[in-house]
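Written out below as structure tokens is the structure these notes cover.
All heavy atoms count here, side chains included; hydrogens, waters and symmetry mates do not. Throughout, a chain's letter reflects where its sequence line sits, starting with A, and its residues are numbered from 1.
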2 protein chains.
Amino acid sequence: MTIKQSILVTVDSVVFTIIQNKLHVLLGKRDIAPFKDMWALPGGFVKDQESIDDAAYRDLAEETAVKDIYLEQLYTFGNPKRDPRGRVVTVAYMAIVARENIAIKAWAYTKEVWFYPVDKLPKLAFDHKDIVYYALKRLQWKLEYTNIAQYLLPKEFPLTELQHVYQIVFAKKFDVRNFRKKIAQLGIIKDTWKMQKWQAYRPAKLYTFVSKKVEIVEVL
Amino acid sequence: MTIKQSILVTVDSVVFTIIQNKLHVLLGKRDIAPFKDMWALPGGFVKDQESIDDAAYRDLAEETAVKDIYLEQLYTFGNPKRDPRGRVVTVAYMAIVARENIAIKAWAYTKEVWFYPVDKLPKLAFDHKDIVYYALKRLQWKLEYTNIAQYLLPKEFPLTELQHVYQIVFAKKFDVRNFRKKIAQLGIIKDTWKMQKWQAYRPAKLYTFVSKKVEIVEVL
DNA sequence: CTAATAGTGTCTCTGAGACACTATCTA
DNA sequence: TAGATAGTGTCTCAGAGACACTATTAG
């Protein structure tokens, strides 16, 4: 091909998890220019031979020790001025993972890596603030219409925990009875016949998701 | 930057319109390799200085004479083997336009340009079949949840026409009374107090959309 | 008055949401 | 038995969907 084009392609991921009943996003502090010392989403350049999805997975695997993560492409941001170094188009991803399934490694271009509460993010590099906002909307949509909440929970969990997930992501409360009624009739989770054991109060039944595959189901 | 990367970025658009009560997609026959003589979506390379959205608009404007078109980014396809010439990532767009607002020009890399019915597409180049499928899903979703149908209709139209649009896109019939009831209570269209004139039967009232802005509204 | 399409109302059933008490466990 | 959380049922109201006839025009 004789096309002249100077565009670089990166991936950036908005990794959501729940810590202490708050929704958090994974960020790293940049230790090189541009935006040195500012916080940014984990990401990196796509390699010539790998698919974009693979690049997103690889990048997260380089920066964290992670398993059972859900990853989906969000949107491609391609404003010519979004990177002061030159033309960089970024394919943004949204990722969802249970806190217990991710550990932070050292990160190539940054010193510090941290989960930040979404409602108290620091100032972000590039257009990453827009990307996080976009990702949050998608996360809410996915919780509303699919069984994806399982990626924010351990395999077996009490119903109360599931409700907490919804309340945290949507930042509002749901009625206990209506919530349980709705979930039950959807048939997306099933009883494990196990119980919580250690509490100083009535132990809850444990449930598990019927299908690990992400399916369209109207939850709320 | 010292990054070595050999990835080219293109845009491809799935342009929908309705012709003779059928949903059609704009295609062009390629007159250069690869996939010479096969049909493909209109598209082209993104220029270094323009945003991706701009590239999609420009490309359509080069290939057609068009006004009042709706364009939205769909998904980015980046399988390393999707283009036999080398690594090409394409940002796919979905476009919606009323037949009267688009005319076909000569097309740079192809001889023939044509609208094809979505249910009778020829074999397509690259992964364009996947892209059309994805775009169709998005089109249906948008009709279901927004007032976007206006882009498939003239400014003033009878309610029957609006219903036809829905029936064509979803390939199923809706009850006349329920459909009109639903649309009326949504308040997305208003009476123009004009009437059709030329028919050999009872003339219909003409309506128009209240807001040109695409808004989230549960239509179906 | 015929042909052709526009336009209109009611009933049933399902599902969403509001709402308060009892059950079970530990210490 | 006190403290803490788990778990459960009913009523009301709104909206979806099924369904058939009358209205208006041109020729």
Side-chain angles (χ1 to χ4, degrees), chain A residues 18 20-21 140-141 143-147 149 153-154 156-168 170-208 216-220, chain B residues 18 20-21 140-141 143-147 149 153-154 156-168 170-208 216-220:
Chain A
I18 290 178
Q20 287 167 354
N21 285 330
Q140 291 178 340
W141 189 89
L143 276 169
E144 207 166 336
Y145 293 105
T146 74
N147 57 355
L153 288 167
E156 304 183 337
F157 53 88
L159 275 182
T160 309
E161 273 309 302
L162 181 60
Q163 187 173 348
H164 283 336
V165 166
Y166 276 87
Q167 293 183 162
I168 290 161
F170 288 93
K172 70 174 184 188
K173 305 220 166 186
F174 298 97
D175 178 83
V176 195
R177 282 163 295 187
N178 294 338
F179 185 83
R180 296 167 98 95
K181 211 193 315 170
K182 190 69 198 287
I183 297 295
Q185 90 188 32
L186 286 174
I188 56 175
I189 62 171
K190 64 181 182 201
D191 208 317
T192 62
W193 305 109
K194 298 183 196 166
M195 302 286 270
Q196 280 182 315
K197 285 193 170 162
W198 42 275
Q199 285 86 343
Y201 44 82
R202 175 172 175 179
K205 283 201 249 181
L206 294 175
Y207 291 83
T208 191
I216 305 279
V217 192
E218 289 209 11
V219 182
L220 298 185
Chain B
I18 290 178
Q20 288 169 352
N21 286 330
Q140 291 179 338
W141 188 89
L143 275 169
E144 209 166 335
Y145 293 104
T146 74
N147 58 355
L153 288 167
E156 305 184 336
F157 54 88
L159 275 182
T160 310
E161 274 309 302
L162 181 60
Q163 188 173 345
H164 284 335
V165 166
Y166 278 85
Q167 294 184 161
I168 290 162
F170 289 94
K172 71 175 182 188
K173 305 220 165 185
F174 297 97
D175 178 83
V176 195
R177 282 163 297 187
N178 294 338
F179 184 83
R180 296 167 98 95
K181 211 191 316 170
K182 189 69 199 288
I183 297 295
Q185 90 186 33
L186 286 175
I188 56 174
I189 62 171
K190 65 180 180 202
D191 208 317
T192 61
W193 306 107
K194 297 184 198 167
M195 302 285 270
Q196 280 181 314
K197 286 195 170 160
W198 41 276
Q199 286 87 345
Y201 45 81
R202 176 172 175 180
K205 283 203 250 182
L206 294 176
Y207 291 83
T208 192
I216 303 280
V217 190
E218 289 210 11
V219 182
L220 298 185

Could you tell me how far apart B:Q185 (CD) and D:dA14 (P) are, to the nearest whole angstrom?
12 Å
Expressed as a whole number of angstroms, how long is the span from B:R180:CZ to D:dC19:P?
19 Å
Over all heavy atoms of both residues, which pair between B:N178 and B:D175 is shortest? Give the atoms and the distance, please.
N-OD2, 2.9 Å
Relative to the 5' end of DNA chain C, which residue comes earlier, A:D175 or A:P203, by the nucleotide with the nearest heavy atom?
A:D175
Separation of atom CD in A:E161 from atom C1' in D:dT5, rounded to whole Å:
12 Å
Taking only the side-chain nitrogens and oxygens of B:R202, find out if one of them lies under 4.0 Å from OP1 or OP2 of D:dA23.
no
Rounded to the nearest 0.5 Å, what separates atom OG1 in B:T208 from atom CH2 in B:W193?
14.0 Å
So do A:L186 and A:N147 actually touch side chain to side chain, heavy atoms under 4.5 Å?
no
How close or far is atom P of D:dG15 from atom CG of B:L186, stated in whole angstroms?
10 Å
With no angle test and no hydrogens, is the base of C:dG17 tied to the side chain of A:K181 by a donor-acceptor pair under 3.5 Å?
yes
Would you kindly give the CE-to-P distance between A:M195 and C:dT26, to the nearest whole Å?
10 Å
How long is the line joining OH of A:Y166 and P of C:dG17, in whole Å?
14 Å
How many Å lie between CZ on B:F174 and C1' on D:dC19, as a whole number?
17 Å
At 4.0 Å (heavy atoms only), tell me whether A:A200 reaches a base, stays on the sugar-phosphate, or touches nothing.
base
Side-chain heavy atoms of A:T160 within contact of A:H164, under 4.5 Å
yes
Please confirm whether the shortest side-chain N or O distance from A:R177 to OP1 or OP2 of D:dT8 is below 4.0 Å.
no
Give the rounded distance in Å between these two atoms: CG of A:N178 and P of D:dA6.
17 Å
Quick one: does B:K197 reach the base of D:dT25 with a side-chain donor-acceptor pair under 3.5 Å?
no
Close side-chain approach of B:Y166 and B:V219, heavy atoms under 4.5 Å:
yes
